Visitor: 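First the structure, which I've put down as structure tokens, then a few questions once you've had a look.
None of these values were measured; they are calculated from a predicted model.
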Amino acid sequence: MQPRLLFMLLLAITAAAPLTAQQHKQFTLDELIPGGKSYNAYNPHIPAQYQWKGNSLIRIQNDSVWASPHPGQPLKKSLLLTFGDIQRGTKHPESPVSQLIFSPDGSDVTQFHTTHGIGLFDINSRQHLAFFNYPEGSEHHELSPGNNLLAYTWENNLYVLDRSGREHAISDERNKGIVYGQAVHRNEFGINSGIFWSPGGEKIAFYRMDETMVTDYPLVNMSARFAEAKLIKYPMAGMKSHEVTIGIYDTATEEILYLQTGGGDHYLTNIAWSPDGKYLYVAELNREQNHMQLNRYSATTGERDKTLFEERHPKYVEPENPVLFVRTRDDQFIWQSRRDGFNHLYLYDTSGKLLRQLTRGDWEVTGVIGFDEKGENLFFISTQPAPVERHIYSVTLKTGIIKHHTFLPGIHTASASLSGRYLLDRHTAHDNPGRIDLIDIRSGDKTVLASATDPFKKHTVPSVEMGTLKAADGETDLYYRLVKPADFDTAKKYPVVVYVYGGPHSQMVNNRWRYGAGGWEIYMAQKGYLVFVMDNRGTAYRGIDFEQVTHRRLGVTEAEDQMKGVAFLQSLPYVDRARMGIHGWSYGGFMTINMLLRYPDAFKVGVAGGPVTDWKYYEVMYGERYLDTPRENPEGYAESSLLNKADQLQSRLLIIHGDEDPTVVPQHSVQFLKACIEAGTHPDLFIYPGHGHNMLGQDRVHLHEHITRYFEDFIHSD
């Protein structure tokens, strides 16, 4: 047969048997990375949203809202309203409704959100009750419990807007170094707001932060025609910090009083009102963060009324959840504490007497869902039966009896009906992209309400597996995931990328969709890499000893544990030991460089994003919690510093930093470069102009392409 004829015959056979999607689909970063043009097409999403309106089940799908008055029969639903019903009659009909929030107590008044503000709509009468326009440039919007007032900040001041549109200035501070109504203490200790409405909506507690004593730190906007200094306040470890007070504004009298919390270096955290609005509860920490007092203040006089109890720890105490009052009981509250080594629930009365430890065991409570209608049972989420799982439980306050309500493996979150009889269970697992179930607490019956579709169902994609290794102590189990190419072959040798974070308040590996593997991990596996991720000691949800083992020695134990992961990889016959790389961001950027310098023979390539290179340049609350001050712990700061190890750099290293990063300031990367120059080593640097600590939007796609290219360029080089 002639060669040309043979070629034409083969072409015809190929055309007769078209390639399937499984054979030829290669995902792009635009499809895998948030901000990518096609990301939503391959990001699992549940097609309907569910909420509670008292005991009625609300389903929102597209622009239609359906109600099931009897949750036990969720399929018997009726059309409640459409987004168009709300859109008509708004002050800004061109601004689409982006979110609806129904009242948990069953009221017919619902909140709707647009880009212009927050509105109130009466479902029963189909009338608009009010609309609060966001003043231009305003932030931190908080609607009062009675929906009558909107609190917000503009620049450094705090304001209130009433339904008529009249603005009331709570503060009128000209000095930009004094800030009202914003989160303080650099958002540590669970602080994410600076505005706290009283239960009746008559008063506002707020933070006032005086930063005038903190040295200005200059970030630079280099996109301007003449580069402009952007001054921020950035108290570093061991240096002077800001001073915080708590004010209370009375909306009727328009008067302000301040709590008499005293001066000096301390942290005012976890603010909560008493149900009657007479008191404010505050968890107060000393600067050393090893002594906490739960104090109660009079909302009328500002005086300290009582210290209910104290907690101490030789390393640190870290309260992150305010008191939660028991429904129907103004004299009892729930407190979360790690005093016995794990985060658990404690029932107190308002005299400060401990009534009962409600939960206990070698597992952690990770969230509180709420009470049933009578306040007899509290629903919560915990790490039972394994640290990589999250399940829903309830505890009876009188007896301490705990009941388990979810049995499918995975990560569960929930919301409860007003009665507490029904739960909306939102869950995911390695083989479950997302599902919502309705659980009847009495019968245990479960109804599937909505499910996400596997976006990779029609495609052959890299596999993800989870396992455990022993930590460097030889005893502790550490969880890892390993992503393998779709055409994985044990007879081949594969390059490896270790993706690392490794710091406090993190868990990278758990039983969620594909064990938490991100889009970049899939992308690299497509290119023929193995991607390995492991949670070392020092990370979260494993108890206080597991986390605090790194205290005063950041980067040491974490690196020893990560090397156990490296040893495991090197033991695998299909791993190319000569082609191993490492990548991480923020604490993971610190860990990336830390690993390269402590173990210079382990990795050929590293990419570190936004890395901490010396903890004396990091902020005061975080730095001093884990390392104490540079004066108190000079050895720990020296041991964790990457600057004095710059001469150990042997691998190719790319450092990436946003030039306006207010979290890990660019000084970290610049000082490391200086140390490398002095040591005669040669890292590379890439700057993202105008970006902070993370790259967003389409630039995030560019970021991951740049990281990929660096590995491709150098992990295969001789």
Side-chain angles (χ1 to χ4, degrees), residues 188-190 192 269-270 283 289 292 311 313 315-324 333-348 354 356-370 377-397 400-407 409-414 425-429 466 468 471 473 475-480 501-512 515-516 534-551 557-558 561 625-626:
E188 298 291 334
F189 316 109
N192 54 30
T269 75
N270 297 277
Q289 301 181 52
M292 186 278 298
E311 292 187 10
H313 193 278
K315 293 181 179 178
Y316 56 84
V317 180
E318 190 181 4
E320 293 189 280
N321 299 279
V323 301
L324 174 66
F333 63 84
I334 304 295
W335 178 251
Q336 296 189 45
S337 172
R338 303 172 78 190
R339 65 183 62 163
D340 74 349
F342 293 85
N343 192 55
H344 282 299
L345 304 175
Y346 296 80
L347 178 65
Y348 276 89
L354 175 62
R356 181 175 292 108
Q357 181 174 348
L358 295 173
T359 63
R360 66 178 71 244
D362 294 349
W363 46 270
E364 298 220 326
V365 172
T366 62
V368 170
I369 298 167
N377 298 285
L378 177 65
F379 297 97
F380 64 93
I381 300 171
S382 86
T383 58
Q384 293 189 85
V388 292
E389 298 271 322
R390 301 289 185 276
H391 284 274
I392 302 169
Y393 293 80
S394 62
V395 59
T396 302
L397 271 57
I401 294 174
I402 294 176
K403 295 181 180 179
H404 188 188
H405 300 294
T406 51
F407 301 96
I411 305 296
H412 295 258
T413 61
D425 172 22
R426 302 167 180 85
H427 58 100
T428 178
M466 184 173 70
T468 60
D473 64 2
E475 299 178 358
T476 308
D477 285 332
L478 304 177
Y479 291 87
Y480 72 83
Y501 183 79
H505 296 286
S506 71
Q507 186 181 56
M508 304 294 291
V509 182
N510 54 32
N511 190 14
R512 54 192 158 126
Y515 295 118
M534 186 179 72
D535 289 316
N536 49 252
R537 285 175 295 164
T539 55
Y541 307 116
R542 301 287 301 275
I544 198 167
D545 289 341
F546 185 92
E547 177 187 297
Q548 292 190 349
V549 70
T550 65
H551 186 245
T557 301
E558 304 97 303
D561 282 355
R625 180 185 312 131
Y626 300 117

Visitor: Is a donor on one side and an acceptor on the other found under 3.5 Å between the side chain of Arg356 and the backbone of Leu397?
Guide: yes
Visitor: What are the two closest non-hydrogen atoms of Gly538 and Val549, and how far apart are they?
Guide: N-CG1, 4.3 Å
Visitor: Using modelled atom types and a 3.5 Å cut-off, is there a donor and acceptor pairing between side-chain atoms of Asn343 and backbone atoms of Val365?
Guide: yes
Visitor: Counting neighbours of CG on Asp477 that are heavy atoms of other residues, nucleotides or ligands and sit closer than 6.0 Å, is the number greater than 12?
Guide: yes
Visitor: Under the ring pair (Phe, Tyr, Trp, His ring centres under 6.0 Å) test, which residues partner Tyr348, sequence neighbours left out?
Guide: Phe309, Phe333
Visitor: Looking at Pro322 and Trp335, what are the two nearest heavy atoms and their distance?
Guide: C-CZ3, 4.3 Å
Visitor: Within the distance-only criterion (no hydrogens, no angle test), does the side chain of Thr406 pair as donor or acceptor with the backbone N or O of Ile392 below 3.5 angstrom?
Guide: yes
Visitor: Could you tell me whether the side chain of Thr359 and the main chain of Leu345 form a donor-acceptor pair under 3.5 Å?
Guide: yes
Visitor: Under 3.5 Å, side chain of His412 to main-chain N/O of Ile381, donor-acceptor pair present?
Guide: no
Visitor: State whether Arg542 and Asp535 are salt-bridged, where the test is any N-O pair (Lys NZ or Arg NE/NH1/NH2 against Asp/Glu carboxylate O) under 4.0 Å.
Guide: no
Visitor: Can you tell whether the side chains of Arg338 and Glu364 come within less than 4.0 Å, N to carboxylate O?
Guide: yes
Visitor: Counting N and O atoms only, with roles assigned by atom type, does the side chain of Lys315 sit under 3.5 Å from a partner on the main chain of Gln548, one being a donor and the other an acceptor?
Guide: yes
Visitor: Looking at every heavy atom in both Asp425 and Ala414, which two are closest together, and how far apart are they?
Guide: CA-CB, 4.4 Å
Visitor: So do the side chains of His391 and His404 get within less than 4.5 Å of each other, counting heavy atoms only?
Guide: yes
Visitor: Leu347 vs Ile334, test: side-chain contact (heavy atoms from CB on, under 4.5 Å). Steps then yes/no.
Guide: CA-CA 5 Å; Leu347 178 65; Ile334 304 295; 3.8 Å; yes
Visitor: Would you check, one step at a time, whether the test side-chain contact (heavy atoms from CB on, under 4.5 Å) holds for Phe380 with Thr366?
Guide: CA-CA 8 Å; Phe380 64 93; Thr366 62; over 6 Å; no
Visitor: Any idea which heavy atoms bring Val368 and Leu324 closest together, and the distance?
Guide: CG1-CD2, 3.7 Å
Visitor: What distance separates His505 NE2 from Glu318 CD, expressed to the nearest 0.5 Å?
Guide: 3.5 Å
Visitor: What's the separation between atom CZ in Phe342 and atom OG in Ser337, rounded to the nearest 0.5 Å?
Guide: 13.0 Å
Visitor: Within a strict 4.5 Å, meaning less than it, do heavy atoms of the Arg537 and Leu478 side chains meet?
Guide: yes
Visitor: Between Gln357 and Asp340, does any side-chain donor sit less than 3.5 Å from a side-chain acceptor?
Guide: yes
Visitor: Among Arg390, His427, Arg426, whose side chain to side chain contact (heavy atoms under 4.5 Å, CB included) with Thr413 holds?
Guide: Arg426
Visitor: Take Asn377 and Lys403 through the side-chain contact (heavy atoms from CB on, under 4.5 Å) test and state the conclusion after the steps.
Guide: CA-CA 10 Å; Asn377 298 285; Lys403 295 181 180 179; over 6 Å; no
Visitor: Measure across Tyr479 and Ala386 and return the closest heavy-atom pair with its distance rounded to 0.1 Å.
Guide: OH-CB, 4.4 Å
Visitor: For a quick test of reading the model, state the closest non-hydrogen atom pair linking His344 to Gly361 and the distance between them.
Guide: NE2-O, 2.9 Å
Visitor: Does the separation of the ring centres of Tyr626 and Tyr316 fall below 6.0 angstrom?
Guide: yes
Visitor: About how many Å separate OG1 of Thr396 and CG of Leu358, when rounded to the nearest 0.5 Å?
Guide: 9.5 Å
Visitor: Do Thr539 and Gln507 touch side chain to side chain, with heavy atoms closer than 4.5 Å?
Guide: no
Visitor: Test side-chain contact (heavy atoms from CB on, under 4.5 Å) on Thr557 and Asn536; report intermediate values, then the result.
Guide: CA-CA 8 Å; Thr557 301; Asn536 49 252; over 6 Å; no
